[in-house]
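This structure is a prediction, so every number in the text was calculated from the model and none was measured.
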Amino acid sequence: MNRLHTISISAAAVLALAFASCSTAQYRVASVERSRILIDSRYDNSTDPEVVRTNNALLERKKLVDAEMNPVQGHAAENLWVKRPESPLSNLLADILVWGGAKFNEQPDFAVYNMGGIRAALSKGTVTRGNILDVAPFDNKICFLTLSGADVLELFGQIAMRHGEGLSHSLRLTATADGKLVSATINGKPVDPNAKYRVATLDYLAQGNDHMEAFRKKTDVVSPTGEENNVRHIIEQYFKAADAKGEAVSCAVEGRMKIVKIGRAHV
């Protein structure tokens, strides 16, 4: 039977029919009707009890989360942000790793903190536990290890290829725009390929991740596994220690990593 069907459909159905190209029947839109539904207080008076229970449970959970995340750990003297090749926050976090060595009787020559692990900035003013969790959300733990000077130069070359990572105050690296290491000093002295250097970093990087494969040559590793050694907890302790002295935390961009235009790299 080949006949036209005349039907009345809603506005939503018009679209459905427009795309129903596989149908063998032929349709013709005879009319389009619509209506307006008023959403007012009548709907509030008929709330689903299950929705109420769920909302109440979420509110209670929010109170618990707020109680955990809102405690103030310290204060930032300025906005602390992250950017390659160098930034205030990446510098600060590397310095905190060096500072954290005292708890383990460690005196690192330098520290490296990967910028990819820094997931938020810190705004000037109050810094809460939640703010620090935003910055360092992973369960990475502090780690100490030893590298030969030759391996350190390899590591710095890999950092140059990445156009910068979080570096502690003792370091001054220079690289070309195409990622070649030009120069590197530790505490103002050139790297001695035959010397041994103590390094503070994250256990994640110590495994050679984020293209820092030189860390795989590490020796004399101190890698605590307790939750209290999570890097974010050490960051909290640093802010608390500064706050106890009435100090707001700050860190400057000071040339720890420079990108220069040089035709040929050398170290």
Side-chain angles (χ1 to χ4, degrees), residues 69 71-103 108-138 140-143 155-156 158-177 179 181-188 199-202 204-205 210-212 230-260:
M69 293 294 105
V72 174
Q73 307 299 300
H75 296 80
E78 58 196 352
N79 292 332
L80 298 170
W81 40 272
V82 60
K83 183 180 179 181
R84 297 180 194 276
E86 181 186 358
S87 62
L89 186 54
S90 57
N91 285 357
L92 173 65
L93 294 179
D95 288 346
I96 289 176
L97 292 181
V98 173
W99 175 86
K103 176 181 176 181
D109 295 295
F110 66 90
V112 177
Y113 198 116
N114 62 320
M115 290 196 180
I118 307 172
R119 294 309 177 96
L122 290 175
S123 298
K124 178 180 179 180
T126 298
V127 176
T128 66
R129 178 172 293 145
N131 296 145
I132 293 174
L133 179 62
D134 289 340
V135 169
F138 308 110
N140 296 324
K141 295 171 174 59
I142 196 167
C143 181
L155 173 66
F156 290 166
Q158 291 161 358
I159 291 173
M161 285 294 296
R162 295 175 62 75
H163 299 95
E165 297 289 355
L167 304 176
S168 60
H169 175 71
S170 61
L171 296 182
R172 294 294 183 272
L173 272 60
T174 304
T176 60
L181 183 66
V182 175
S183 64
T185 63
I186 301 175
N187 289 316
V199 188
T201 189
L202 315 181
Y204 172 77
L205 295 184
D210 270 13
H211 303 285
M212 287 181 255
N230 284 359
V231 170
R232 62 173 172 271
H233 296 321
I234 296 171
I235 298 171
E236 289 177 10
Q237 292 162 15
Y238 183 88
F239 272 86
K240 286 180 178 178
D243 211 47
K245 295 186 290 186
E247 298 175 356
V249 173
S250 65
C251 199
V253 171
E254 54 187 14
R256 301 183 189 187
M257 181 74 187
K258 292 182 178 179
I259 305 298
V260 295

Point to revise | Between OG on residue Ser170 and CG on residue Asn187, distance to nearest 0.5 Å | key: 5.0 Å

Check your understanding: Quick one: CD1 on Ile159 to CG on Leu181, what's the gap to the nearest 0.5 Å?
Key -> 9.0 Å

Practice item. Any chance you could measure Ile235, atom CD1, to Arg129, atom CZ, to the nearest 0.5 Å? Key: 13.0 Å

Check your understanding: Looking only at heavy atoms, what is the nearest atom pair of Ala76 and Ser123, with distance?
Key -> CB-O, 3.6 Å

**Study point:** Any donor-acceptor pair under 3.5 Å from Asp95 side chain to Ser168 backbone
**Key:** no

Point to revise | Beyond-backbone contact of Ile142 with Leu202, side-chain heavy atoms, under 4.5 angstrom | key: no

Practice item. Without swapping roles, check the side chain of Glu86 against the backbone of Arg256 for a donor-acceptor pair under 3.5 Å. Key: yes

Point to revise | 4.5 Å side-chain heavy-atom contact, Val82 and Ser87 | key: yes

Check your understanding: After noting the C-alpha distance and the side-chain angles of Tyr113 and Tyr204, does the key distance pass the ring-ring contact (aromatic ring centres under 6.0 Å, His included) rule?
Key -> CA-CA 10 Å; Tyr113 198 116; Tyr204 172 77; over 10 Å; no

Point to revise | Expected output: side-chain Ser250 to main-chain Glu78 donor-acceptor under 3.5 Å | key: no

Review point. At their closest point, which heavy atom of Ala120 faces which heavy atom of Leu89, and how far apart are they?
Key: O-CD2, 3.2 Å

Study note, to complete from the structure: Heavy-atom closest pair (Ala77 atom, Lys124 atom, distance to 0.1 Å) is O-CE, 3.4 Å

Check your understanding: Do the non-hydrogen side-chain atoms of Gln73 and Asp243 ever get within less than 4.5 Å of each other?
Key -> no

Exercise for review: Not counting sequence neighbours, list each pair that qualifies as a ring pair (Phe, Tyr, Trp, His ring centres under 6.0 Å) and has a residue in residues 234-255.
Suggested key: Trp99-Tyr238

Review point. What's the verdict on side-chain contact (heavy atoms from CB on, under 4.5 Å) for Glu254 and Arg172, showing C-alpha distance, side-chain angles and the deciding distance?
Key: CA-CA 9 Å; Glu254 54 187 14; Arg172 294 294 183 272; 3.8 Å; yes

Point to revise | Side chains of Leu92 and Val249 in contact at under 4.5 Å (non-hydrogen atoms) | key: yes

Check your understanding: Do Asn230 and Lys141 have a side chain donor and acceptor closer than 3.5 Å?
Key -> yes

Check your understanding: Heavy atoms, side chains only, cut-off 4.5 Å: are Leu155 and Phe110 in contact?
Key -> yes

**Study point:** OG on Ser90 to CG on Leu167, rounded to 0.5 Å
**Key:** 7.5 Å

Review point. If we only count heavy atoms from C-beta on, is the Arg162 to Arg84 side-chain gap below 4.5 Å?
Key: yes

Check your understanding: Could you give the distance from CE (Met115) to CG (Leu93), rounded to the nearest 0.5 Å?
Key -> 10.0 Å

Review point. Is a side-chain donor or acceptor of Thr174 paired with a backbone partner of Lys258 at a separation under 3.5 angstrom?
Key: no

Revision key, fill the gap. In terms of heavy-atom contacts, Cys251 and Pro88 come closest through O-CB, 3.3 Å

Study note, to complete from the structure: Residues Val112 and Thr201: closest non-hydrogen pair is O-OG1, 2.9 Å

Check your understanding: Can you tell if the side chain of Ile96 reaches within under 4.5 Å of the side chain of Val98, non-hydrogen atoms only?
Key -> no

Practice item. For the pair Asp210 and Leu205, evaluate side-chain contact (heavy atoms from CB on, under 4.5 Å) and give the outcome as yes or no after the intermediate values. Key: CA-CA 7 Å; Asp210 270 13; Leu205 295 184; 3.9 Å; yes

**Study point:** Criterion side-chain contact (heavy atoms from CB on, under 4.5 Å) on Arg232 and Val135, from CA distance to verdict
**Key:** CA-CA 8 Å; Arg232 62 173 172 271; Val135 169; over 6 Å; no

**Study point:** His169 versus Asn91, side-chain donor and acceptor atoms under 3.5 Å
**Key:** no

Practice item. Check Asn131 against Thr128 and note the closest heavy-atom contact, atom names and distance. Key: OD1-N, 2.8 Å

Exercise for review: Check whether any side-chain heavy atom of Met212 sits under 4.5 Å from a side-chain heavy atom of Asn114, and report yes or no.
Suggested key: yes

Point to revise | Atom NZ of Lys103: over 12 foreign heavy atoms under 6.0 Å | key: yes

